[in-house]
Amino acid sequence: MYISPIPTRTGRFIATFSDRELAALAFPAGPSSPLDEAVARTPLPPRVAGWARLTRAALTDALAGQPPAELPPLDLSTGTEFQQGVWQAMLRIATGDTRSYGQIAADIGRPKAVRAVGQACGANPVPVLVPCHRVTASGGRLGGFSSGLEWKRKLLAFEGIEVTDAGKVAPRA
DNA sequence: AAGTATCCATTTA
DNA sequence: TAAATGGATACTT
């Protein structure tokens, strides 16, 4: 596994790569330990460095409300079949658009598996690039977000979606 | 506008 | 195996 910090205007994300693809992405966290720093400075194999660049570009676009031009190879194999289905469905949500848990459930052919969808969202290893934040509760309410509701709100705001105090999501204020 | 019954894949005991 | 647990929903007061 390779670790690489991904600097963005919203903070320093941490990307984790296997030797085949991007395996995980973590939101900016608190101060890192000296050990983390040392790991972060370890030079990456050229191939991995390339993915890191792609990741940064994609993340930069996403955080600017632009659809990423190109995504690094994503390792979604960590999930179960069901979860992968959910993640794929999320990847199909356009930037600036949202779906409800119910719609995702319907998309993958399990109209009633709404709750399971919520769980699968939380298990998403690559937040932002796999837009788990674009999945809202029904009726446009915000719903939850394992990485922090503030992030969800912020990410949606970048895409021009406002969350009103009533908990509704409105396209471009 | 609240409270309740149910929904389903994972995880944990 | 069984029970608990989520980023929930739909139906009932």
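Just so we're on the same page: letters track the sequence lines, and every chain starts at 1.
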TODO: Quick one: the dot-bracket string of DNA chain B, using Watson-Crick and G-U wobble pairs with both distances under 3.5 Å, [ ] for crossing pairs and | for bases paired to another strand.
DONE: ||||||.||||||

Open item on the list: Go nucleotide by nucleotide along DNA chain B from the 5' end; which of Arg115(A) and Gly79(A) gets its closest nucleotide reached first?
Closed with: Arg115(A)

Task: Atom pair distance, as rounded to whole Å: CD in Glu81(A) and P in dC8(B) - done: 18 Å

- [ ] Determine the contact category for Phe145(A): base if any of its heavy atoms lies under 4.0 Å from a base atom, sugar-phosphate if only primed atoms, P, OP1 or OP2 are that close, otherwise nothing.
- [x] base

- [ ] Enumerate the residue pairs fulfilling salt bridge (charged side-chain N to carboxylate O under 4.0 Å, His left out) with a member in residues 119-139 of chain A, sequence neighbours excluded, ordered by first and then second residue.
- [x] Arg134(A)-Glu159(A)

Task: Range on DNA chain C touched by chain A, heavy atoms, distance below 4.0 Å - done: dT5(C) to dT9(C)

- [ ] Decide, yes or no, whether a salt bridge links Lys154(A) with Glu162(A) under the criterion of side-chain N to carboxylate O below 4.0 Å.
- [x] no

Task: Shared-cluster residues of Ile14(A), by chain and number - hydrophobic side chains joined below 4.5 Å - done: Ile3(A), Leu35(A), Val39(A)

Can you give the donor-acceptor pairs under 3.5 Å from side chains of residues 19-29 of chain A to other protein atoms, not counting sequence neighbours?
none

- [ ] To the nearest 0.5 angstrom, please state how far the CG atom of Leu54(A) sits from the CG atom of Leu129(A).
- [x] 10.5 Å

Open item on the list: Could you work out, with side chain to side chain donor-acceptor pair (under 3.5 Å) as the rule, every residue matching Ser33(A), not counting sequence neighbours?
Closed with: Asp36(A)

- [ ] Classify the nucleic acid contact of Val117(A) as base, sugar-phosphate or nothing, counting any heavy atom under 4.0 Å across all strands shown.
- [x] nothing

- [ ] Have a look at Ser138(A) and say if it touches a base, only the backbone sugar-phosphate, or nothing, with a 4.0 Å heavy-atom cut-off.
- [x] sugar-phosphate

Open item on the list: Pro45(A): which residues meet the side-chain contact (heavy atoms from CB on, under 4.5 Å) condition with it, sequence neighbours left out?
Closed with: Tyr2(A), Val48(A)

Open item on the list: Please give the distance between the P atoms of dG7(C) and dT6(B) as a whole number of Å.
Closed with: 23 Å

Open item on the list: Does Gly102(A) reach a base, just sugar-phosphate, or nothing at all? Heavy atoms under 4.0 Å.
Closed with: sugar-phosphate

What are the atom names and distances for every N/O pair under 3.5 Å that joins the protein to nucleotides 11-13 of chain B?
none

TODO: Using the salt bridge (charged side-chain N to carboxylate O under 4.0 Å, His left out) rule, collect all pairs that involve residues 79-102 of chain A, keeping only residues at least two apart or in two chains.
DONE: Asp97(A)-Arg99(A)

Open item on the list: Test: side-chain hydrogen bond (donor to acceptor under 3.5 Å, both in side chains). Region: residues 115-129 of chain A. Which pairs qualify, not counting sequence neighbours?
Closed with: none

Open item on the list: Applying side chain to side chain donor-acceptor pair (under 3.5 Å), can you list everything that pairs with Asp61(A), at least two apart in sequence or on another chain?
Closed with: none

TODO: Report the residues that fulfil side chain to side chain donor-acceptor pair (under 3.5 Å) with Ser77(A), sequence neighbours left out, ordered by chain and then residue number.
DONE: Asp75(A)

